[in-house]
Number of protein chains: 2
Amino acid sequence: MPPSSRQRRPTQPRAKATVRAIVEAGFISLSRHGVEGTTTRHIAEIAGVSVGSLYEYFANKEEIFDAMHQHVVGEVVEMVQPRIPELVRMEIRPLVAELLYRFRDLLERDDGRYLRYMSYAAYFAPRNQLEPINRLLMNLLVQYVMHHPDLTRLGNLPAMGFIMINGGIFTVIRHLTDPHPTVAFDDLVRGLGDMVGYFVEGELGKRS
Amino acid sequence: MPPSSRQRRPTQPRAKATVRAIVEAGFISLSRHGVEGTTTRHIAEIAGVSVGSLYEYFANKEEIFDAMHQHVVGEVVEMVQPRIPELVRMEIRPLVAELLYRFRDLLERDDGRYLRYMSYAAYFAPRNQLEPINRLLMNLLVQYVMHHPDLTRLGNLPAMGFIMINGGIFTVIRHLTDPHPTVAFDDLVRGLGDMVGYFVEGELGKRS
DNA sequence: TCATTTGTTCGGATTCAATTCGGATATGCC
DNA sequence: GGCATATCCGAATTGAATCCGAACAAATGA
């Protein structure tokens with residue numbers, strides 16, 4: 001047996017509810033007290049369980065954050081994945097706008113619970129745990145290109161994808177987190193759309 | 001007297017050396033043990049002082065990280081600031097490349113000491129402590145536009161600046177931190193240059 | 001139904017890092 | 001040299017994370 005398997009997998013409904021309550025309590029505590037202020041006591045108290053119970057399903061506090069992370073990532077994937085077929089048929093700028101507005105809505109749900117989390121764990125979590133989102137968006141990008149044959153002439157797709165995806169995610173989180181933003185979100189969205197749009201147009205017009 | 005002024009300001013040379021050693025030890029410990037693994041004992045040990053000494057000049061561990069942050073930010077500003085007059089005369093793509101390569105060199109100095117810090121910085125810096133760098137680059141942008149009068153026709157400069165600066169910084173850090181990058185740094189640089197270049201060209205050509 | 005086994009919860013006991021504090025040592029100044 | 005002040009030290013304190021064994025609840029099967 002693996003050494004770190006003192007943890008249990010919740011089987012009974014009651015246990016599943018406990019796990020859910022703990023993860024949710026994590027988000028709530030994070031919103032209320034920030035990262036440093038989030039103690040196991042707080043989480044347990046908010047979840048309405050005892051501290052000991054946390055360790056029944058999570059090896060340590062870190063794993064609770066991991067579970068929160070997976071939850072957020074899951075929500076994002078769930079939001080985009082099923083809409084890919086529809087998204088690949090859109091024009092570039094509306095597509096960018098659609099993704100960004102939906103992303104914002106998700107992050108601001110429940111009083112910015114997810115945003116609060118993101119702004120801490122942000123991206124540079126030691127392991128790159130945003131990987132699923134990256135893969136998802138890279139996948140969307142590839143499918144988009146396949147649906148717009150002219151775009152196959154674009155060079156250096158992986159690099160451009162990397163830039164647009166990472167740059168986009170960070171910029172939005174950074175903006176939403178800013179307590180006194182100097183630019184409006186709408187302008188940001190338009191700017192990012194133009195960025196991508198002009199790039200494509202510029203790159204395609206290069207040799208014609 | 002301010003309430004939080006149990007701290008001393010180092011006056012004697014010995015004390016200044018101690019403070020320097022502590023901050024440097026912070027970077028070293030961070031590289032060796034990661035954030036979680038960096039304890040006050042480690043820092044004190046690496047710095048060759050006692051734990052008690054840390055608290056002579058820093059209110060808590062957090063402040064040591066703050067000092068590290070200021071150090072990195074200071075290095076970046078120091079690197080760019082004096083070269084602004086020269087930078088504003090460059091073409092866009094070489095300018096972007098120049099900035100990014102210098103930024104990379106800085107981050108990779110001393111076995112990636114600063115990079116290691118930066119990759120955690122999001123977590124540490126709930127308040128926007130990259131602000132000086134943002135201001136610096138925004139300033140560079142404004143001066144750049146003033147030296148290239150056609151560019152004054154660009155709309156929405158603040159938003160575009162926000163995107164390019166934040167997107168650029170994050171993308172580079174993200175790339176340098178990636179243990180198995182799928183794109184080469186050179187491609188990334190070229191991509192970011194094109195992104196900015198095409199945007200400007202596209203925006204200027206819009207109505208002409 | 002009840003006995004037994006297995007899953008779940010509890011909260012005090014333990015461990016370990018952050019921070020404090022009073023005393024020891026070094027430095028600068030006269 | 002001797003005084004005042006700056007600096008440093010490290011054991012003691014505090015509080016959070018984690019562990020653990022006992023209590024409780026649910027499922028099983030006769």
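Below, read A as the first sequence line, B as the second, and so on, with proteins coming before strands; counting in each chain starts at 1.
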Counting just side-chain N and O atoms, does [X] come under 4.0 Å of either OP1 or OP2 of [N]?
| X | N | result |
| --- | --- | --- |
| R14(A) | dA26(D) | no |
| S53(B) | dC9(D) | yes |
| T18(A) | dT8(C) | no |
| T40(A) | dT18(D) | no |
| Y55(A) | dC10(C) | no |

Discussion item. Any heavy-atom pair between the side chains of D178(B) and H175(B) that's under 4.5 Å?
Written reply: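 They are not in contact (no side-chain heavy atoms under 4.5 Å apart), so the answer is no.
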Separation of [N] [atom2] from [X] [atom1] (nearest whole Å):
| X | N | atom1 | atom2 | answer |
| --- | --- | --- | --- | --- |
| Y57(A) | dA17(D) | OH | P | 20 Å |
| L54(A) | dT18(D) | CG | P | 9 Å |
| Q12(A) | dA25(D) | CD | P | 12 Å |
| K61(B) | dT19(C) | NZ | P | 8 Å |
| E45(A) | dG11(C) | CD | P | 12 Å |
| N60(B) | dT14(D) | CG | P | 19 Å |
| E62(B) | dT19(C) | CD | P | 9 Å |
| E63(A) | dA17(D) | CD | P | 15 Å |

Discussion item. Between R41(B) and V51(A), which residue's closest nucleotide on DNA chain D lies nearer the 5′ terminus?
Written reply: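 First, find each residue's nearest nucleotide; the 5'-ward one identifies R41(B).
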Discussion item. To the nearest 0.5 Å, what is the distance between CZ on F162(B) and CG on N134(B)?
Written reply: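 Reported value, rounded in 0.5 Å steps: 7.5 Å.
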Practice prompt. Remember a base hit wins even if backbone is also touched, and classify T11(A) as base, sugar-phosphate or nothing at under 4.0 Å, heavy atoms.
Written response: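 Sugar-phosphate, no base atom in range.
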Worksheet item: Touch check for F58(A), heavy atoms < 4.0 angstrom, all strands: base, sugar-phosphate only, or nothing?
Response: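 Result for F58(A) = nothing.
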Worksheet item: After noting the C-alpha distance and the side-chain angles of F185(B) and V172(B), does the key distance pass the side-chain contact (heavy atoms from CB on, under 4.5 Å) rule?
Response: CA-CA 8 Å; F185(B) 189 75; V172(B) 168; 4.0 Å; yes
Discussion item. Between R93(A) and E201(A) (salt bridge meaning N to carboxylate O under 4.0 Å), is one present in this structure?
Written reply: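 So R93(A) pairs with E201(A) through a salt bridge.
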Worksheet item: Considering only side-chain heavy atoms of E56(B), which listed nucleotide, dT7(D), dA17(C), dG28(C), is closest?
Response: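 The nucleotide sitting nearest to the side chain is dT7(D).
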Worksheet item: Taking the side chain of R8(A) as its heavy atoms from C-beta onward, which of dA17(D), dG28(C), dG7(C) lies nearest to it?
Response: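 Nearest to the side chain of R8(A) among the choices is dG7(C).
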Fill in: Step-by-step side-chain hydrogen bond (donor to acceptor under 3.5 Å, both in side chains) determination, Y101(B) to D186(B)
CA-CA 9 Å; Y101(B) 282 118; D186(B) 288 342; 2.5 Å; yes
